[in-house]
**Q** 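The following block contains the structure, expressed as structure tokens.
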Amino acid sequence: MLPAALRLSATTQITATLRAGRRHASPYFVLHVVKTNDSNAKFAFAVNKKVGNSVVRHRITRQLREVVQHNLSLVPVGSHIVIRALPSIRQASFAQLGQAFSETIGKVN
RNA sequence: CGAGUCGGCCGGGUAAUCGCGGCAGGUCAAACUGUCGAGGAAAGUCCGGACUCCAUAGGGCAAGAGUGGUGGAUAACAUCCACCUGGGGUGACCCACGGGAAAGUGCAACAGAAAGUAAACCGCCGAGCAAUCGGUAAGGGUGAAACGGUGAGGUAAGAGCUCACCAGCGCAUGUGGUGACACAAGCGGCUAGGUAAACCCCACUCGGAGCAAGACCAAGAGUGACCUUCGGGUCCAGUGCAGGUGACGGCCCGUCAUAUACCUGCGGGUAGGUUGCAAGAGGUCGUUGGUAACAGCGAUCGCAGAUGGAUGAUUACCGUUAGUUUCGGCUAACACAGAAUCCGGCUUAUAGGCCGGCUCGCCAC
RNA sequence: GGUCGAUUGGCGCAGUUGGUUAGCGCGCUUCCUUGACAUGGAAGAGGUCACAGGUUCGAGUCCUGUAUCGACCA
């Protein structure tokens, strides 16, 4: 779990981000990004049932969270970001995930 | 030593760095410190309970659902233990939704003469010139299933028609057992088929809904407000309007109500907080009773509580397995699976490993 | 988290006290009709009744478990 300030929790904000946000794709996940005037960047994770069973989905969200935590300096302030995992993420290692995230977040800027 | 059978347990470990959630301390608030943080199935939601609301879940009838050998355990159960009966195995042991088919109804396709109280297709025997008629359930054939088996007597041929033994059925008796039941000897008539996970009968049990139950707090009121690219969107949760009526899920009693209730229709509309919510039929050890399930007593332990949802990430070393090897190593993989109110079970998934009881076979002393 | 429902040819559906060979419509294939097509006509293929076990002589149907899909809750 991220610190509370970095979490997107309201359903309305998440659905708004998913619908209206710009999309940036990588082989393993899709970023939905909306820029706001908030002082923090905020994140939410969407891992579909097609990705795997409960154990697999939890491990993926934990790894993605860790990736976000390590690359927080690359993220523009005030962005609302929903990270939607794709089924191919099952084959990705932690290092591959970190590289994919830093590349994709570079496209946002 | 080999083969088998039953039961129990574990199901990666250690360290470092960086993180997350709860609780306690600390602080105005933070920072910070300490401590705890997934499973044997947390799963499926198939049973049973606790708890909450409906009246305290009330009394009776009807309907419906469930269970189904006996005795016990338990808060309760479809669970567990012991035993009985039937079946399998040399044996340890295993398997069984295991009441009633002489209370009644139904069903049995095709084949077959006939599918349940009757029946003669072939065959056999007798009568007759023959057609055919009569006797016959021993033999053939059909079928999942065809009205006891063996032997002797008997007969025109046969047949429980008669007899002996065996199997099976019914009745009452005795002995043992709490009981299911077992054993013994006796009498009876010689035959009663299958299906109840078909209806049904018998005995016993069951009110309904479920923690999104329920309680409290704040906010909110409508021919509403705001934004708009004119398509629509956003906000306020548990609401507004109209009509009807007593409600308690079928009926009677009974209880509570007379509109802040209930029902129907149309429209609007969204996922605030706190609590319920972590000491419980609790775990471990010892001891007593009991064949056992389990129960009593004593000591001791403090053991998850999230809400877009914590319990992790990375690295190093070790362990296990597989491949490879120049025997130093190297490479790859590490089961099933993630709490959501809580307990007792059942069922299903599960790489690999450990321990113990018992049985059979072989060898040695 | 809880409460329910469904699964039958490619698609949509029937299939009731369990019984001979599981049907219907659309679609598909071949042939006929036409100069050619549509329509029409004739013939045909296509099913492990989601999967596994049980009851029964016999299961799409009855019982139990598993899988997948879907709906509802304030």
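In this text, all values refer to a predicted model and were calculated from it rather than measured experimentally. Below, chains carry the letters A, B, ... as their sequence lines are ordered, and counting in each starts from 1.
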**Q** Does T61(A) or N53(A) map to a spot on RNA chain B nearer the 5' end, using the closest nucleotide for each?
**A**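 Going by which nucleotide is closer to the 5' end, it is T61(A).
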**Q** Can you figure out which of G338(B), G308(B), U314(B) approaches the side chain of F94(A) most closely?
**A**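 Selected nucleotide (nearest to the side chain): U314(B).
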**Q** So do the side chains of I83(A) and F101(A) get within less than 4.5 Å of each other, counting heavy atoms only?
**A**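 Of all side-chain heavy-atom pairs linking F101(A) with I83(A), at least one is under 4.5 Å.
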**Q** Answer syn or anti for A41(B), where the cut-off is 90° from 0 on the glycosidic torsion.
**A**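 Anti.
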**Q** Any side-chain N or O of R65(A) under 4.0 Å from OP1/OP2 of C18(B)?
**A**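 No, no such contact exists.
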**Q** Syn or anti for G328(B), taking syn as within 90° of 0?
**A**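 Syn for G328(B); the angle stays within 90° of 0.
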**Q** Taking atom CD as the centre, does Q99(A) end up with more than 12 heavy-atom neighbours from other residues, nucleotides or ligands that are less than 6.0 angstrom away?
**A**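 No, because the 6.0 Å sphere around CD of Q99(A) holds 12 heavy atoms or fewer from other groups.
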**Q** Which nucleotide in the list G338(B), G308(B), A313(B) gets nearest to the side chain of Q63(A)?
**A**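 Out of G338(B), G308(B), A313(B), the nucleotide with an atom closest to Q63(A)'s side chain is A313(B).
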**Q** May I ask which nucleotide in the shown strands pairs with A73(B), Watson-Crick or G-U wobble, both distances under 3.5 Å?
**A**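 For A73(B), the partner nucleotide comes out as U79(B), under the 3.5 Å rule.
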**Q** Taking O4'-C1'-N9-C4 for purines and O4'-C1'-N1-C2 for pyrimidines, is G154(B) syn (within 90° of 0) or anti?
**A**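 Judged by the O4'-C1' to base torsion, G154(B) sits in anti, the angle falling more than 90° away from 0.
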**Q** According to the Watson-Crick and G-U wobble definition with distances under 3.5 Å, which dot-bracket string, read 5' to 3', encodes RNA chain C, using [ ] for crossing pairs and | for pairs with another strand?
**A** ((((((((.[[[[.)...(...]]]].(((((.......))))).....[[[[[..)....]]]]])))))))|
**Q** Apart from V55(A) itself, which Ile, Leu, Val, Met, Phe, Trp or Tyr residues share its cluster (side-chain heavy atoms under 4.5 Å, direct or through members)?
**A**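 The other cluster members (ILVMFWY side chains, heavy atoms under 4.5 Å, direct or chained): none.
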**Q** Report the relative orientation of the aromatic rings in H70(A) and F94(A); use parallel for angles under 30°, tilted for 30 to 60°, perpendicular for over 60°.
**A**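 Ring orientation, 0 to 90° scale: perpendicular.
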**Q** For L86(A), check side chain to side chain contact (heavy atoms under 4.5 Å, CB included) against everything at least two apart and list the hits.
**A**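 Expected list: V30(A), R84(A), S88(A).
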**Q** Is G40(B) in the syn or the anti form, by the rule that syn lies within 90° of 0?
**A**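 Base orientation: syn.
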**Q** With syn defined as a glycosidic angle within 90° of 0 and anti as the rest, where does G160(B) land?
**A**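 Syn.
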**Q** Distance check: side-chain N/O of H58(A) vs OP1/OP2 of A310(B), anything under 4.0 Å?
**A**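 Looking at the OP1 and OP2 atoms of A310(B), one of them is under 4.0 Å from a side-chain N or O of H58(A).
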**Q** Only pairs with both distances under 3.5 Å count, Watson-Crick or wobble alike; so what is the partner of U341(B) in this structure?
**A**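 Base partner found: A50(B).
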**Q** Want to settle it: does S54(A) or R59(A) sit nearer the 5' end of RNA chain B, counting the closest nucleotide to each?
**A**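 Its nearest nucleotide lies further toward 5', so the answer is R59(A).
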**Q** Looking at A310(B), A337(B), C18(B), which one has an atom nearest to any side-chain atom of E66(A)?
**A**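 Side chain of E66(A) sits closest to C18(B).
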**Q** Return no unless some side-chain N or O of R62(A) is found under 4.0 Å from OP1 or OP2 of A310(B).
**A**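 Answer no for this pair, as no side-chain N or O of R62(A) is under 4.0 Å from OP1 or OP2.
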**Q** E103(A): which residues meet the side chain to side chain donor-acceptor pair (under 3.5 Å) condition with it, sequence neighbours left out?
**A**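 With sequence neighbours excluded, E103(A) shows a side chain to side chain donor-acceptor pair (under 3.5 Å) to no residue whatsoever.
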**Q** Quick check: closest heavy atoms across F29(A) and A85(A), and the distance to 0.1 Å?
**A**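 Looking at all heavy atoms of both residues, the shortest contact is CB-CA, 4.1 Å.
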